[in-house]
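Contents: one structure, followed by commentary.
Counting starts at 1 for both ligands and their atoms, following the listed order. Predicted, not measured: the structure shown is a model, and the values here were computed from it.
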Amino acid sequence: MPQATLHSARLKFVPLAQEHYALTKELDQDPEVMRHIGFGRPLTDDETKQVHEWLLNSPTSIPGQGTWVAYAGDEAIGWWILAPTPIDKDKPTENFSTERSETGYRLLKRFWGRGYATEGSRELLRHAFQDLGLAEVFGETMTVNTASRAVMAKCGMNHVDTWFNTYPTPPLGIEEGEVRYRITKEEWKAQTSGPQ
Ligand SMILES: CC(C)(COP(=O)(O)OP(=O)(O)OC[C@H]1O[C@@H](n2cnc3c(N)ncnc32)[C@H](O)[C@@H]1OP(=O)(O)O)[C@@H](O)C(=O)NCCC(=O)NCCS
C-alpha cells in the first residue's frame, strides 16, 4: 500500500517530499522546537539534510508508513510520522515489525497552541489502526517535554515506561529521564467506539 493522503477537520496530510526540505530545515534550526529533541540544540545544515533524507526514506520501508507534512489551508505547519520499529531492538536496522509503529511530530512554533498536534495525531492513529491494521503505536519523548506528553495523553495513549540514559552531549532536562506512551488497537477501538 503506498503512503496515503490523509485528512482531519482542519488539516491535509501529504507524504513528505524533497520539496519540503525548507520546512524540515526551519523546524530543525529553531532552538525552541529542538529544545527537547536530540542534542537539545538547533541542527547544522549538514544535520538537517541527513534528517530530511532519513524522514524521506527510512519510515517508508514498511508500505503505508512514512512521514507526512500537514497543511492548514495553503500553509505547511509541520510533520507527523509513523516509523517502523525493529522486531529486535539489538538489531535496529533490520527486520522491521509490520504490526508496530513509532509516532512523532514537529510543528512550526507559530502554529503551536491551536490543537493541531492533537488533531493530527488522532488522524495518524486512526490511519495506523483502521487503514494499516497495526496492532500498536508508541511514542517517546523527554520527561520534561510537557507539551508532547499532553498530546499523547489527549490521544488516548498511556504512559508505560520511564528510563534514564546517559548521553555524551545531553539536552537540558535529560536527568529527569525519557518516557514512552503506547496505545494498542483494542484500546483505540474501545475509545473511539464508546460515547464521544
Ligand atoms: C509538542 C507540540 C507538537 C505540541 O503542538 P501543539 O499543536 O501546540 O499541541 P496542541 O495544541 O494539540 O496541545 C495539546 C495539549 O498540550 C497542551 N500543551 C501544549 N503546549 C504545552 C506546554 N508548553 N506546556 C504544557 N501543556 C502544553 C495544550 O494545552 C493541550 O492540552 P489542552 O487541550 O488540554 O489545553 C509542539 O509544541 C512542538 O512541535 N514542539 C517541538 C517539537 C517536539 O517537542 N516534538 C515532540 C518530540 S517527541
Fill in: Residues forming a ring-ring contact (aromatic ring centres under 6.0 Å, His included) with His20, sequence neighbours excluded
none

Worksheet entry | Inter-residue atom distance Asn57.CG - His52.NE2, 0.5 Å rounding | 9.0 Å

Fill in: Partner set under salt bridge (Lys or Arg N to Asp or Glu O under 4.0 Å) for Arg182, not counting sequence neighbours
none

Item to complete: Go through the structure and list residues passing salt bridge (Lys or Arg N to Asp or Glu O under 4.0 Å) with Glu119, not counting sequence neighbours.
Response: Arg10

Could you go through ligand 1 and note, for every N or O atom, any protein N or O atom closer than 3.5 angstrom, writing the atom names and distance to 0.1 Å, or 'none'?
from	atom 1	to	atom 2	distance (Å)
ligand 1	7 (O)	Ala117	N	3.1
ligand 1	8 (O)	Gly113	N	2.6
ligand 1	11 (O)	Gly115	N	2.7
ligand 1	12 (O)	Thr118	N	3.0
ligand 1	12 (O)	Thr118	OG1	2.7
ligand 1	33 (O)	Lys154	NZ	2.7
ligand 1	34 (O)	Lys154	NZ	3.1
ligand 1	39 (O)	Leu107	N	2.9
ligand 1	39 (O)	Leu107	O	3.4
ligand 1	39 (O)	Trp112	NE1	3.2
ligand 1	44 (O)	Asn145	ND2	2.9
ligand 1	45 (N)	Tyr105	O	3.0

Worksheet entry | His159 and Tyr181 aromatic ring geometry - parallel, tilted or perpendicular at 30°/60° bounds | parallel

Worksheet item: Is it the case that more than 12 heavy atoms not belonging to Leu172 sit under 6.0 Å from its CG atom?
Response: no

